[in-house]
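These notes are about the structure you will find just below.
Bear in mind that the values here come from a model prediction, so they are computed numbers and not experimental data.
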Amino acid sequence: MRQTAPWPDFDGNPIMEGDRMVHPSGECGIVVLCSDAPDDSARWRVDYSGGISRSLSAEVSRDGRCVVIDETGKTF
């Protein structure tokens, strides 16, 4: 069963492990949960192409502005 992140996306929608996110730059990533990390900020990540991984909490902040997208690329 997929877990729900402790923060909503920038538009206020819930985020679940495995969801696709899009950054205003157009860059897309997948939400991953690293269960061995010490706290939620380190545990919840967005993995982008090229091996780039960023904190989910930072990506949904005013600076990050990421939102969840569906399989077609539409935001919720």
Side-chain angles (χ1 to χ4, degrees):
M1 186 157 96
R2 299 186 323 154
Q3 293 191 38
T4 303
W7 313 279
D9 72 5
F10 190 72
D11 287 343
N13 300 301
I15 304 169
M16 296 188 73
E17 181 181 10
D19 280 351
R20 291 179 55 212
M21 306 280 296
V22 65
H23 190 273
S25 69
E27 188 175 26
C28 292
I30 302 292
V31 176
V32 296
L33 178 61
C34 305
S35 57
D36 60 339
D39 58 33
D40 282 341
S41 292
R43 197 172 293 127
W44 288 92
R45 311 287 299 170
V46 181
D47 284 352
Y48 294 99
S49 62
I52 297 168
S53 180
R54 297 186 188 123
S55 169
L56 177 61
S57 62
E59 292 299 274
V60 297
S61 71
R62 281 187 185 200
D63 293 332
R65 299 179 184 237
C66 284
V67 294
V68 175
I69 57 174
D70 68 13
E71 300 80 31
T72 66
K74 293 182 182 177
T75 60
F76 290 97

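For residues 17-38, the set of pairs meeting the salt bridge (Lys or Arg N to Asp or Glu O under 4.0 Å) definition, not counting sequence neighbours, comprises R2-D19, E27-R54. Within the structure, side-chain hydrogen bond (donor to acceptor under 3.5 Å, both in side chains) pairs that include any residue of residues 4-13 comprise D9-N13 (at least two apart or interchain).
Taking OG from S25 and CZ from R65, the interatomic distance works out to 13.0 Å, rounded to the nearest 0.5 Å. Atom-to-atom distance recorded for S53:OG and I30:CD1 is 12.0 Å, nearest 0.5 angstrom. Here NE2 of H23 is found 8.5 Å from CG of D63. Values are rounded to the nearest 0.5 Å.
Criterion: ILVMFWY side-chain heavy atoms under 4.5 Å apart, direct or through other members. Under it, L56 and I52 are part of a common hydrophobic cluster. Hydrophobic cluster membership differs between V32 and V60, with clusters built from Ile, Leu, Val, Met, Phe, Trp and Tyr side chains linked at under 4.5 angstrom.
The backbone N or O of S41 lies less than 3.5 Å from no partner atom in the side chain of S57, so there is not a single donor-acceptor pair.
Each of V31, I15, V46, V67 was evaluated against E59; a single residue qualifies, V46, per the side chain to side chain contact (heavy atoms under 4.5 Å, CB included) test.
Annotation: side chain of M16 is not in contact with side chain of V68 (no heavy-atom distance under 4.5 Å). Contact of the S55 side chain with the R45 side chain is registered, since non-hydrogen atoms from C-beta on lie closer than 4.5 Å.
When all heavy atoms of W44 and P6 are compared, the closest pair comes out as NE1-CD, 3.4 Å. Residues Y48 and C66 come closest through the heavy atom pair OH-SG, 3.4 Å. Across every non-hydrogen atom of P24 and G64, the tightest pair is CD-O, 3.2 Å.
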